J.: 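Below is the structure I would like to discuss, written out as structure tokens.
Letters go in sequence order (proteins before strands), and every chain restarts at 1. No experiment lies behind these values; they were computed from the predicted model shown.
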Amino acid sequence: MKRVYLDYAATSPVKDEVLKEMLPYFSDVFGNPSSVYSYARESKKAIDKARDIVATTINAKAKEIYFTGSGSEADNWAIKGVASALKNKGKHIITSKIEHHAVLHTCEYLEREGFEVTYLDVDENGFIDLVDLENSIREDTILISIMYANNEIGTILPIKQIVEIAKRKSVLVHTDAVQVYGNILIDVIDLGVDLLSLSAHKIYGPKGVGALYIKRGTKINSLIYGGAQEMKKRAGTENIAGIIGFAKAAELAIENIEEHATKLKKLRDKLIEEITKTIPHIRLNGDPIKRLPGNVNICFKYIEGEALLLSLDLVGIAASSGSACTSGSLDPSHVLMAIGLTHEIAHGSLRLSIGDFNSEEDIDYVLEKLPEIVQRLRDMSPLYEEVIGGN
Amino acid sequence: MKRVYLDYAATSPVKDEVLKEMLPYFSDVFGNPSSVYSYARESKKAIDKARDIVATTINAKAKEIYFTGSGSEADNWAIKGVASALKNKGKHIITSKIEHHAVLHTCEYLEREGFEVTYLDVDENGFIDLVDLENSIREDTILISIMYANNEIGTILPIKQIVEIAKRKSVLVHTDAVQVYGNILIDVIDLGVDLLSLSAHKIYGPKGVGALYIKRGTKINSLIYGGAQEMKKRAGTENIAGIIGFAKAAELAIENIEEHATKLKKLRDKLIEEITKTIPHIRLNGDPIKRLPGNVNICFKYIEGEALLLSLDLVGIAASSGSACTSGSLDPSHVLMAIGLTHEIAHGSLRLSIGDFNSEEDIDYVLEKLPEIVQRLRDMSPLYEEVIGGN
Amino acid sequence: MYSEKVMDHFSKPRNVGEIKDADAVGQVGNAKCGDIMKMYMKIENDIIVDVKFKTFGCGSAIATSSIATEMIKGKTIKEAFRLTNRAVADALDGLPPVKMHCSVLAEQAVKTAIYNYAQKNDLYFEELEGFDPDDLECHH
Amino acid sequence: MYSEKVMDHFSKPRNVGEIKDADAVGQVGNAKCGDIMKMYMKIENDIIVDVKFKTFGCGSAIATSSIATEMIKGKTIKEAFRLTNRAVADALDGLPPVKMHCSVLAEQAVKTAIYNYAQKNDLYFEELEGFDPDDLECHH
Ligand SMILES: Cc1ncc(COP(=O)(O)O)c(C=O)c1O
Ligand SMILES: Cc1ncc(COP(=O)(O)O)c(C=O)c1O
């Protein structure tokens, strides 16, 4: 059976070049980089180089890149770390209703610890209202955390403008750029953000490695205390192979970013156009223009997302509904609710996220299979019965 | 030049069998385990199996094993997680002066957050006084965190007795078993601990993976919030390859634990005996009997540890002084200070930690080189001049 | 995550469709919860001679509907009352814990259809004592 | 972490040892800090004709002692006063930031030895104005 993977926004396979780069660091160059002897010096050098590479890809300095164990850890660290460091200055944080759970659940935790959090509403495409943002900033606001692009609906948010507003009031800005990295060129200087989260496994690097960019001089406490690793800010023996893999993946991603984005956009637009043409009763979620190059998110009315996913899986297509990370839950995605969908419609969402290994044939295969699957499920649906009955 | 690695307590190379087991999980079985489709089901199954394996090695249930990004994360999580969950019950924590920095610095952080921490003294071999422990327990004590074996001096602490005392007062016990794992059989039921930290890279598994055992029913908050991974307690897309590697390493370690420990002890005892015989003015640190099978820690009076390490490195021997993780610092190890050494003597400490890949020849090589290196440095030392001058 | 039995009933559901001149129709669940089950029955001499369903919902909602119809087809109303959600789940070789509510829904859909039949024909079944479809709620 | 120059002076230190009938002896640092440097000099006509050292300390402490003795051997006392810690570190192609105090120690050891020479011979050097070895402290 043909197998088509269209869930790159959830995770990506490690590229061969990346794995190849990692291999020597498991058993050969394995020394603890904090040590004195020469084994360790090789590890240390490799990590220094990796830090340099990752820094360069986002126009940061090496000393501003701190490796973590995941994108989630980077998000948790940014928010809790600033909250803890600045709690005497204020206890108010601003974020949006469409953030990743790594941001939202961290904010909810802080609320339980006595912080106040404003969750900004978004419009039907997922944009926050900048006036709303400005009005939400208070004397005691210490951090604004708004994602660079949403993982479910693909909408790209105007971080630079957000930073401008925040800077007028001297408030720190964190952005979760996990989905943007490798798809749109990130320039931390141009953006002006103070903190920015990255994750390796979304850009064909290994899972279990992320990074937090911390602009020089930003006050932040640690999340993981212990040894003096990561310039004394993040303890734990360095995941050398993982870090090397992250750097290689980052290098490849930025090298080919134009080509990659152009290809993905082409496939994305074909998918959206053809689905729109051939399947009625649908809704495209997320901004049609300001959207991640590989993101397609569509609600198919009258049917339910998981049934759709299972059906696609039966013909070899891997996709997701809502967000992969929350699929333990039965509630429809908080993002789809935030953009104003009814439960009924939100339940029928499908995210197809395109990546480097997809071909035009993959897209054609989806376009061949999807209409009949949707039709089959609709034919089973009492909601659809009402609609066609009404004709 | 001959190369002899004797810093296994800092980190170990990944075993070939382990790496082999990991390889399919980078690029082939890479699906996000939280997803619905079949790609993901394979990842999910692999992780479930890994969790089972790790659980079995310490006589826990699979649902009590939570994978983390390091041993340090496990320590931070255990302590902060319990502190945060039980802060309304009390704000007092008991630990010892010889804990790993992942425990100590976390406790210091909690002190800044308004908790009170008792740091128990230890005797000249690194043991806490159990009466002292019992007397330190207060109405508001919520957690006792005492390491199972010390990473620097190798002393093994009586965790079972510690738990008995704690349980009489209904206080939770966490133990950092990072150094014990794979060297002494751990049985969480027999020990009775509530939380126990592990790390993969000390047992020939990959770096950047650890685990926290959380006994069923233990109240604990998350350290990393976000997606529903790790039974909703630790967010972040699972480091599948790392987890698989951890499980394989754990399996191998426990399978061969008797043989492994016997071999290490033999090499350890030879090292200690011969050094004691051939080099004067030394002090063995840590308990001579209740000590990790691979640990040798000796102070060579009148010389300084780093100079010793550099000299050993020049002849191909990799070792450590104080603890690898703190070698960013110039102060002598807090552990050596806690067992009552003077700064002067503590500065001259050497840890040789033996592992699976060491042979008798390695030990002979060290025994050949070490005396002349120590002598050369002593001949340069004004402190030694005073001593021999005094003869 | 699902048993082969579930996948079989999901991919080849039995008795899908509607019965135009049904003697009994029962619909439970709502779109907010993500599951709606609608059951149609032909009943002759207290025997469910035909049954069909339509379901909006996840894989297990569809599979439980399918197997439930199979389990009651040709059975008497009395026997249909004995269809518990456990029985439905067991017949599917189990359901993931978060999906157990689907089997509850199937049980309720059957009951609701018979309730409808009872109402229309002014019949009394002691098994329906205290049962009111309007009281059913989305329990997750 | 160390330059080749440092490693060279560490592994083959120049001028190690003591001078039994030294004209000047200076010792700085203490065991608590982990570094002690002791310098011995033979001085003839204001010229340091011989110099030896003994050091308890890390690799860079040994290397700085070694290069410092090389830099002042055969020099006048005046010239020796001009030996700054910077000059010592530079001569070693740099030192890691945490090890810069070693170069300070080397500078102080030289000064302390000359101070000892001045005391013994009742000499005055303006460079020693305000300098007192007993005031030196472990700065890290
Ligand atoms: C006793 C002990 N606890 C915790 C750790 C931290 O483990 P990791 O390096 O995986 O964070 C170590 C080793 O570094 C250790 O020896
Ligand atoms: C926007 C966003 N933030 C954070 C994360 C978390 O990254 P990780 O899985 O590395 O923890 C993800 C993906 O899961 C994401 O899409």
J.: Please look at B:A241 and chain A and tell me whether the side chain, the backbone, both or neither of the residue comes under 4.5 angstrom of a heavy atom of that chain.
T.: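 Neither; nothing under 4.5 Å.
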J.: Tell me, for B:T68 versus chain A, whether the close heavy atoms (under 4.5 Å) come from the side chain, the backbone, both or neither.
T.: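 Neither the backbone nor the side chain of B:T68 comes within 4.5 Å of chain A.
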J.: What do you reckon, is NZ of A:K2 surrounded by more than 12 foreign heavy atoms closer than 6.0 Å?
T.: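 Counting neighbours around NZ of A:K2, more than 12 heavy atoms of other residues, nucleotides or ligands fall under 6.0 Å, so yes.
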J.: Please look at A:Y204 and chain B and tell me whether the side chain, the backbone, both or neither of the residue comes under 4.5 angstrom of a heavy atom of that chain.
T.: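 For A:Y204, neither part sits under 4.5 Å from chain B.
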J.: Name the orientation class of the two ring planes belonging to B:F26 and A:F26 (parallel below 30°, tilted from 30 to 60°, perpendicular beyond 60°).
T.: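 Correct class here is tilted.
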J.: Just wondering, do B:Y25 and A:K207 contact through their side chains at under 4.5 Å, heavy atoms?
T.: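 They are not in contact (no side-chain heavy atoms under 4.5 Å apart), so the answer is no.
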J.: Considering all heavy atoms of both residues, which atom of A:T11 and which atom of B:N32 are nearest to each other, and what is their separation?
T.: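 What the structure gives for the nearest pair is CG2-N, 3.5 Å.
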J.: In terms of heavy-atom pairs under 4.5 Å with chain A, which of B:E73, B:M22, B:R3 leads?
T.: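 That would be B:R3.
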J.: For B:D7 and A:Y37, does a side-chain donor sit closer than 3.5 Å to a side-chain acceptor?
T.: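 Distance-only check passes for B:D7 and A:Y37.
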J.: Is there side-chain contact between B:Y109 and A:S84, with at least one heavy-atom pair below 4.5 Å?
T.: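 Yes, side chains in contact.
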J.: With distance as the sole test, does B:S27 use its side chain to make a donor-acceptor pair with the main-chain N or O of A:V14 at under 3.5 Å?
T.: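 Checked: pair present.
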J.: Contact part of B:L104 toward chain A, heavy-atom cut-off under 4.5 Å: side chain, backbone, both or neither?
T.: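 Neither the backbone nor the side chain of B:L104 comes within 4.5 Å of chain A.
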J.: With a 4.5 Å heavy-atom cut-off, do B:L223 and A:N76 have their side chains touching?
T.: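 No, their side chains stay 4.5 Å or more apart.
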J.: Does NZ in A:K15 sit with more than 12 non-hydrogen atoms of other residues, nucleotides or ligands closer than 6.0 Å?
T.: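 Yes, NZ of A:K15 has more than 12 neighbouring heavy atoms, counting only those of other groups under 6.0 Å.
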J.: So which of A:L309, A:V29, A:D16, A:T106 has the largest heavy-atom pair count under 4.5 angstrom toward chain B?
T.: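 Most heavy-atom pairs under 4.5 Å with chain B: A:T106.
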J.: Less than 4.5 Å to any heavy atom of chain A: does that hold for the side chain of B:A319, its backbone, both, or neither?
T.: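 Interface part for B:A319: backbone (N, CA, C, O).
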J.: Against chain A, label B:L19 side chain, backbone, both or neither, depending on which of its atoms sit under 4.5 Å from a heavy atom there.
T.: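 It is the side chain, since no backbone atom gets that close.
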J.: Quick one: CD on B:Q229 to NE2 on A:H101, what's the gap to the nearest 0.5 Å?
T.: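 Separation between the atoms: 11.0 Å.
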J.: Mind ranking B:A235, B:G69, B:P206, B:S70 by heavy-atom pairs under 4.5 Å with chain A and telling me who comes out on top?
T.: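 Top option by heavy-atom pairs under 4.5 Å: B:A235.
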J.: So for A:S12, is it side chain, backbone, both, or neither that comes closer than 4.5 Å to the heavy atoms of chain B?
T.: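 Looking at A:S12, just its backbone touches chain B.
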J.: Once salt bridge (Lys or Arg N to Asp or Glu O under 4.0 Å) is applied, what residue pairs with a partner in residues 305-319 of chain A remain, sequence neighbours excluded?
T.: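 Counting only pairs at least two positions apart or across chains, the salt bridge (Lys or Arg N to Asp or Glu O under 4.0 Å) contacts touching residues 305-319 of chain A are A:E306-C:K99, A:D313-B:R41.
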J.: I'd like to check B:Y225 versus A:K80 (side-chain heavy atoms, cut-off strictly below 4.5 Å). Are they in contact?
T.: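 With C-beta onward as the side chain, the pair touches.
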J.: Do you know the tightest heavy-atom contact between B:A10 and A:T237?
T.: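 B:A10 and A:T237 have their closest heavy atoms at O-OG1, 4.5 Å.
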J.: Using a 4.5 angstrom heavy-atom cutoff, name the option from B:R234, B:E238, B:H105 with the most pairs to chain A.
T.: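 Ranked by contacts with chain A, first place is B:H105.
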J.: Which one wins on heavy-atom pair count under 4.5 Å against chain B: A:G245, A:S38, A:G236?
T.: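 Answer, by heavy-atom pair count under 4.5 Å with chain B: A:S38.
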